[in-house]
Protein chains: 2
Amino acid sequence: MMISTRGRYALRVLIDVAEHEKDGYVPMKEVAERQGISLKYLERIVPVLVKSGIVGSIPGKGGGYKLLKAPEDLSLGSILRLTEGDLAPVACLECGAAPCEREYECRTYPLWVEFYRVINEFFDGKTLADVIRTDPADNYSI
Amino acid sequence: MMISTRGRYALRVLIDVAEHEKDGYVPMKEVAERQGISLKYLERIVPVLVKSGIVGSIPGKGGGYKLLKAPEDLSLGSILRLTEGDLAPVACLECGAAPCEREYECRTYPLWVEFYRVINEFFDGKTLADVIRTDPADNYSI
DNA sequence: TAAATTACCTACCGTGTCAATAGGCAATTA
DNA sequence: TAATTGCCTATTGACACGGTAGGTAATTTA
């Protein structure tokens, strides 16, 4: 398994915020309830979204979160890389990993590099706008 | 990280066997030395390749392993699924996982399904023949 | 001003998986 | 007799995952 709850929950949070921000700032408490995710756990995931400038936050009563970018301009790749660190499918491609000394003789290394590229291109080719639904009537349709 | 040493080592074992089986049955001890992998660890990975009929084995002196299929007929997908269990990128798609009760309302579920398909198609579209080298002179080239 | 609400931070923890390591024994073959 | 596969058990250290807990700071509303 490759994409942990951090990345999956971050995505669901952003989708939830995007679908409810017409009501104003969206408090994380509401997101947690709607998504069935522990609020405390979300409180550890969301700050990175704020720091990166994806969402803005306002404290106090009536506060919450709001998207700072249009869903069309927010690639899923950037969200997942932010929360997962990277999307490397194997250890030798991970950010900060020591370069493998077998790299140049390894038959499989080019395979992983190509796969890594496919992964990034898949998620970079999709945006938040592709996964949200604006019409509430569609909520339970396929 | 998604593909563990089990799958990566299995692939390297099969590549090594494919590249050396012209000398007869290839003992795992030699594979372990060439690949720089613990023999003991390989002994826990290889049996599944034998049981599935990918390689044949002969015990005793002069024994070892040999491919039972042509490299062109051996997809990397089948090898990896065999050793990794499955290539599911998220928990809710893993073999044997309880079906997610949010499946039909989840905005991200179709995304994971599509990604899962991309992964399988990537590895099913490649065979062992695509990653081995038959000319020893190419061993250290790019 | 006071209460409520929310964001934000640090620390901790139980569970499980990963990646080996170690040792041994039986069967088979050159 | 040496080499090799095949199979088994047990152990271990490191680490990530998923989550819990409690507290602090900032802001807004009443």
Side-chain angles (χ1 to χ4, degrees), chain A residues 1-10 12-13 17 21 23-33 35-52 54-66 68 83-86 88-92 94-97, chain B residues 1-10 12-13 17 20-21 23-33 35-52 54-66 68 83-86 88-92 94 96-97:
Chain A
M1 210 253 307
M2 169 185 202
I3 299 173
S4 67
T5 51
R6 258 189 291 279
R8 307 205 305 273
Y9 288 178
R12 285 168 61 188
V13 165
V17 169
E21 70 179 356
D23 308 328
Y25 282 83
V26 185
M28 199 45 54
K29 190 184 175 189
E30 289 181 12
V31 177
E33 282 169 4
Q35 296 294 325
I37 304 174
S38 151
L39 172 62
K40 275 295 183 182
Y41 193 39
L42 285 189
E43 283 178 346
R44 300 206 330 178
I45 296 173
V46 172
V48 69
L49 301 176
V50 177
K51 279 169 192 148
S52 68
I54 292 178
V55 296
S57 63
I58 284 191
K61 189 162 190 173
Y65 297 88
K66 184 186 173 185
L68 292 184
T83 47
E84 294 287 326
D86 59 59
V90 293
C92 58
E94 276 171 2
C95 290
Chain B
M1 210 255 306
M2 171 186 202
I3 300 172
S4 67
T5 52
R6 258 191 291 277
R8 307 205 305 273
Y9 288 178
R12 285 167 63 187
V13 164
V17 169
H20 293 90
E21 69 178 357
D23 309 327
Y25 282 82
V26 184
M28 199 45 55
K29 190 184 174 189
E30 289 182 12
V31 177
E33 283 170 2
Q35 296 294 323
I37 303 174
S38 150
L39 173 62
K40 272 297 183 182
Y41 193 41
L42 285 188
E43 283 176 347
R44 301 205 330 179
I45 296 172
V46 171
V48 68
L49 301 175
V50 177
K51 280 170 191 147
S52 68
I54 292 179
V55 297
S57 63
I58 285 192
K61 190 165 189 171
Y65 298 87
K66 185 186 172 185
L68 292 183
T83 47
E84 294 287 325
D86 60 58
V90 292
C92 57
E94 276 171 2

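In what follows, every chain begins at residue 1, and chains take the letters A, B, ... in the order their sequences are listed.
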_side chain to side chain contact (heavy atoms under 4.5 Å, CB included) assessment of A/I37 paired with A/R12_ = CA-CA 10 Å; A/I37 304 174; A/R12 285 168 61 188; 3.9 Å; yes

*Quick one: does A/R6 reach the base of D/dG18 with a side-chain donor-acceptor pair under 3.5 Å?*
no

*asked:* Once hydrogens and angles are ignored, does a donor-acceptor distance under 3.5 Å link the base of D/dG22 to the side chain of A/K40?
replied: yes

*Identify, with sequence neighbours excluded, every residue that meets salt bridge (Lys or Arg N to Asp or Glu O under 4.0 Å) alongside A/E30.*
A/R34

*Residue met sooner reading DNA chain C from 5', once A/I58 and A/R44 are mapped to nucleotides*: A/I58

*A/S38 side chain: which of D/dT28, C/dA20, D/dT20 is closest?*
D/dT20

_Looking at B/T5, I'd like to know whether one of its side-chain N or O atoms comes within less than 4.0 Å of OP1 or OP2 on C/dA19._
yes

_Using the rule given for side chain to side chain contact (heavy atoms under 4.5 Å, CB included), can you reason through A/V26 versus A/K66, listing the C-alpha separation, both sets of side-chain angles and the distance that settles it, and then say yes or no?_
CA-CA 6 Å; A/V26 185; A/K66 184 186 173 185; over 6 Å; no

*asked:* Closest approach to the side chain of A/P59, judged atom by atom: which nucleotide of D/dT4, C/dA20, D/dT27 is it?
replied: D/dT27

*asked:* In this structure, how many angstroms lie between the P atom of D/dC17 and the CG atom of A/L42, rounded?
replied: 17 Å

_Looking at C/dA20, I'd like to know if its phosphate oxygens (OP1 or OP2) sit under 4.0 Å from a side-chain N or O belonging to B/Y9._
yes

*Considering just the side-chain nitrogens and oxygens of B/S4, establish if one lies under 4.0 Å of OP1 or OP2 belonging to C/dC18.*
no

*With sequence neighbours left out, what residues match B/V48 under side-chain contact (heavy atoms from CB on, under 4.5 Å)?*
B/L82, B/T83

*Please give, in whole Å, the distance from D/dT5 C1' to B/K51 NZ?*
13 Å

*Starting from P on C/dA7, measure out to CD on A/E43 and report it in whole angstrom.*
7 Å

*Taking only side-chain nitrogens and oxygens of B/Y25, does any of them come within less than 4.0 Å of OP1 or OP2 of D/dA3?*
no

*Specify the separation, in whole Å, of atom CE of B/M28 and atom C1' of D/dT5.*
10 Å

*OP1 or OP2 of C/dA7 less than 4.0 angstrom from a side-chain nitrogen or oxygen of A/S57, does that happen here?*
no

*When we call it a touch if two heavy atoms are under 4.0 Å apart, what does B/V46 touch: a base, just sugar-phosphate, or nothing?*
nothing

*Could you tell me the separation between the CD1 atom of A/I45 and the C1' atom of C/dC8, rounded to a whole number of Å?*
14 Å

*What is the distance from CZ of B/R8 to C1' of C/dA20, rounded to the nearest Å?*
13 Å

_Checking A/Y9 against A/S4: is there a side-chain donor and acceptor pair closer than 3.5 Å?_
no

*Tell me which of A/Y41 and B/G60 sits closer to the 5' end of DNA chain D, going by the nucleotide each one is nearest to.*
B/G60

_Atom-pair distance (CD1 on B/I37; P on C/dC18), nearest Å_ = 17 Å

*Separation of atom NZ in B/K61 from atom P in D/dT1, rounded to whole Å*: 13 Å

